[in-house]
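First the structure, in the form of structure tokens, and then the observations on it.
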Amino acid sequence: MKCRACNNKLKFEFADLEFAPPSNSFLKKEELELPEVFYPLKLFVCNSCYLVQVDEYKKSSEIFSSDYVYFSSYSKSWLEHSEKYSKMITERFSINKDSQVVEIASNDGYLLQYFLKKGIKVLGIEPSSSTAIVARSKGINTIEEFFGEDLANTLVKENSKADLLIGNNVIAHVPDIIDFVKGIKIILKEEGIATFEFPHLLNLIKFTQFDTIYHEHFSYISIIFLKNFVEKYGLEIFDIEEIITHGGSLRVYLKHIENKKIMISKSVSNILEKEIEFKLNELSYYTNFQDKINKIKYALLEFLLESKKQKKVIVGYGAAAKGNTLLNFCGIKKDLLSCVIDRALSKQGKFLPGSHIPVYNEEYILNIKPDYIIIFPWNILEELKTQLEYTKEWGCKLVTVIPEFKVS
């Protein structure tokens, strides 16, 4: 296996989560009796460019299919984050009605809708038809394709170069990261800027966020890697913000190297220094991660087994991809966890991949009054605490597993 960024031979294994199906491949009832394909889920770190990555066992075209079930608009906090971003970015870079905003992986229009309300021209690029259909219903022009060099060239011919190019939680999902960055270079106007948000590798390791490892995430990114990589293809990081989404992410601002009108912020060197301080550029830093994730696995299993012995009722909340990684790594089935609750209609009535645990709507909580609710999307815990406040009436407790096992 070779590094997808620099072609160096990968030798160093970072984490082994054994075998799992793709985390968003939910099953219908009639599919439960059919064979289900499990793929190796191992992370490697490149000792040359320090890109952390999984091998591409499952093709992206199969993962982001017409049945893709993740819709961004179901999270209130994510919508608030998106609206706040649209206000900030339009003011900071004078994005107006003469500007063209392009978003890669635009999902259901969760973000572009805020630019559209301001009368700004928008274009979404979204390969999953299930989400693209919803975006179009909001009046958002959406192309159902994967972004790369070919599509960028096509859009340039159609006069769709971007003043602002956005990619939130997409760069990690790209198998051909070289083609992706070449596409950015092509589609960005001479003085255009691009912003990308992605979970910070530093936080994944520091807070043992191993449940964010799944087949849809091909890469796990640090600035040590990204700075050198984008410069190789004619782009430059000029600013970085640390944001709280997804357990601690980075918002990276890019421009053409040739664009000297924008100064490089001190934030770039600050983040680099932080990563070097934590030794993200040394292989030794990656060696004890497996032991940490094994301890979390044992703690969760011990809790479930002991609670079952005491006849406690336990459900999960949030049929998120990270929850599926956790459940499959721990080998948890419906004998230990009766169901998972989710507000997304696209997931209700289906079954989790691998574990085959059923997904119900929130009314089910009132029907069975569980003793414990395990929160899988721990990154929106505060939002869910408010949402589930009513469960305190019967003494229900919330459980989180990442970054450490906790009952509250």
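Here, residue 1 is the first one in the sequence, and each next residue gets the next number.
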- request: Working to the nearest 0.5 Å, report the span between CD1 of Ile332 and CG of Leu327.
  value: 5.0 Å
statement: Value for SG (Cys6) from NZ (Lys232), rounded to nearest 0.5 Å, stands at 7.0 Å
- prompt: Would the number of heavy atoms belonging to other residues, nucleotides or ligands and lying under 6.0 Å from CD of Glu363 be above 12?
  reply: no
message: So that I can tick it off, tell me whether Arg136 and Glu126 are bridged by a salt bridge, with the cut-off set at under 4.0 angstrom between side-chain N and carboxylate O.
response: no
query: Could you state the interatomic distance from OH (Tyr220) to CZ (Phe44), rounded to the nearest 0.5 Å?
result: 12.5 Å
- prompt: Heavy-atom count around Glu302 CD within 6.0 Å, excluding the residue itself: above 12?
  reply: no
- prompt: When the ring centroid of Phe289 is compared with that of Phe210, is the distance short of 6.0 Å?
  reply: no
- prompt: Would Lys322 and Asn379 count as having a side-chain donor-acceptor pair, cut-off 3.5 Å?
  reply: yes
- prompt: Can a donor-acceptor pair be found between the side chains of His256 and Glu191 at a distance below 3.5 Å?
  reply: no
- prompt: Which residue, Leu10, Ile178, Val174, Leu51, forms the side-chain contact (heavy atoms from CB on, under 4.5 Å) with Arg4?
  reply: Leu51
query: What residue among Val399, Ile374, Leu388, Thr391 forms side-chain contact (heavy atoms from CB on, under 4.5 Å) with Tyr317?
result: Leu388
field: Between Glu197 and His81, a side-chain donor and acceptor under 3.5 Å
entry: yes
Residue Ile368 excluded, over 12 heavy atoms near CD1 under 6.0 Å: yes
query: To the nearest 0.5 Å, how far apart are CD in Glu275 and CG in Asn281?
result: 9.0 Å
- prompt: Using the benzene-type ring in the case of Trp, are the ring centres of His215 and Tyr39 under 6.0 Å apart?
  reply: yes
query: Is atom CG of Asn159 surrounded by more than 12 heavy atoms (other residues, nucleotides or ligands) closer than 6.0 Å?
result: no
task: May I ask you to say whether Glu389 pairs ionically with Lys385, meaning some side-chain N is under 4.0 Å from a carboxylate O?
output: no
message: Both conditions, 6.0 Å and 45 degrees, for the charged tip of Arg92 above the ring of Tyr253: are they met here?
response: yes
SB check Lys87 Glu91 (cutoff 4.0 Å): yes
task: Using a cut-off of 6.0 Å, state whether more than 12 heavy atoms not belonging to Lys297 lie near its atom NZ.
output: yes
Verdict with reasoning, Ser77 to Glu383, per side-chain hydrogen bond (donor to acceptor under 3.5 Å, both in side chains): CA-CA 7 Å; Ser77 59; Glu383 175 185 338; 2.5 Å; yes
task: Measure from the side-chain N and O atoms of Glu13 to the backbone N and O of Ala15, and report whether any donor-acceptor pair falls under 3.5 Å.
output: no
- prompt: Would Phe147 and Phe180 count as a close aromatic pair, with their ring centres under 6.0 Å?
  reply: yes
- request: Give a yes or no on whether Lys274 atom NZ has more than 12 heavy-atom contacts from other residues, nucleotides or ligands under 6.0 Å away.
  value: no
- prompt: Quick check, are the ring centers of His246 and Trp378 under 6.0 angstrom apart?
  reply: no
statement: The reported gap from CG in Leu345 to NZ in Lys350 (rounded to nearest 0.5 angstrom) is 10.5 Å
message: Working note: Ile271 + Leu202, criterion side-chain contact (heavy atoms from CB on, under 4.5 Å); need CA distance, chi angles, decisive distance, verdict.
response: CA-CA 10 Å; Ile271 298 295; Leu202 178 62; over 6 Å; no
message: Hydrogens and angles aside, do Gln387 and Arg343 bring a side-chain donor and acceptor to less than 3.5 Å of each other?
response: yes
field: Working for salt bridge (Lys or Arg N to Asp or Glu O under 4.0 Å), residues Glu80 and Lys84
entry: CA-CA 6 Å; Glu80 290 171 352; Lys84 185 178 177 182; over 6 Å; no
message: Using 0.5 Å steps for rounding, measure from the CG atom of Asp16 to the CG atom of Asn294.
response: 9.5 Å
message: Ring centres under 6.0 Å, that's the criterion: do Tyr286 and Phe14 meet it?
response: yes
- request: Please find out if less than 6.0 Å separates the ring center of Phe405 from that of Phe303.
  value: yes
